[in-house]
Amino acid sequence: MIDTHAHLYFDSFNDDREEVIKRIDDELDAVINIGIDTTSNKKVIELAQNNDRLFAVVGFNPEAVVKLLESDKNTDDLQIELGELLLPRNKIVGIGEIGLDYYWKEFAAESQRELQKKGFRAQVEFAIKNELPIVIHSRDAFFDTFKILSDYKDESYFKGVWHSFTIDKSGGANGVSPKEQLEKVLGLGLYIGVNGIVTFPSARGLQELIKEAPLGRVLLETDSPFLAPQPKRGKRNEPVFVRFVAKKIAEIKGASVNDVAIQTDRNAKELFGLES
Ligand SMILES: [Zn+2]
């Protein structure tokens, strides 16, 4: 099984990171650590260099983009910084997490949304140029995220995953049903990342949607240390808990956990080109 989205560099792993990685070695095939800013991009690379099963994705999330572009940096600087990281030994398998986040008021004021969009586009273009898949973060920003991605979907290389795919309230508010949201994302040729949210009893709507989603387009993820699945809800999440996500998807689809694991592993390897 592969956890395609984790943040093992967070402080909440400082006390027992080696043990968490040991459990990964015992139970999982691979884990992809996702950077969000300059500091964490370095950390995901370091983790990947030191552990066979760990891979790195680097990028600037919406908050980091706003901070950088409000300082003396421009979008060229973002691309240059990412470019300097792309060395074979760094095991970088994608660009992310990148996207738009209109949920947090501190960096999603109207003028800041424009900065988010600029930074997102610059990083999508960087990924395309370097033939790397993108890991997309979109919160309360379905339409703008979709619109920007639509501009690139016909490029000769355009691959990625819509991480933490859930029912976006801003989409619903604009009259696009959850099912249409799913169709639009799949229509872009993207994978959807499914995490612990799907295991929550309150997530009936999402469960219905995942039932409709082709397994060939689903990736398993945890978003560790966040979003711990049932029955670990409320605790710190860690990559091996991805098995609870797989179990729930199997239950929803009436498939075996093994079938879910085999298909989603195949998807992850296809998208990120993992050698393991
Ligand atoms: Zn994340």
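The figures here come from the full heavy-atom set of this structure, side chains too, leaving out hydrogens, waters and symmetry mates. Counting convention: from 1, in listed order, for ligands and their atoms alike.
- Of the options Thr75, Ile95, Val65, Ile98, a side-chain contact (heavy atoms from CB on, under 4.5 Å) to Phe60 is made by Val65 and by none of the others.
- Summary: OE2 is the N/O/S atom of Glu97 found nearest to the Zn ion (ligand 1).
- In this pair, Phe226 and Phe10 present their aromatic rings perpendicular. The plane angle is above 60°, beyond the 30 to 60° band.
- Look at His7 and the Zn ion (ligand 1): an N/O/S atom of the residue is under 2.8 Å from the metal.
- Salt-bridge annotation for Asp16 and Arg236: present, with a side-chain N of the basic residue lying under 4.0 Å from a carboxylate O of the acidic one.
- Taking the N/O/S atoms of Asp223 in turn, the shortest distance to the Zn ion (ligand 1) belongs to OD1.
- At least one N, O or S atom of His5 sits under 2.8 Å from the Zn ion (ligand 1).
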Item checked: Criterion side chain to side chain donor-acceptor pair (under 3.5 Å) on Asp37 and Ser40, from CA distance to verdict -> CA-CA 5 Å; Asp37 58 14; Ser40 58; 2.7 Å; yes
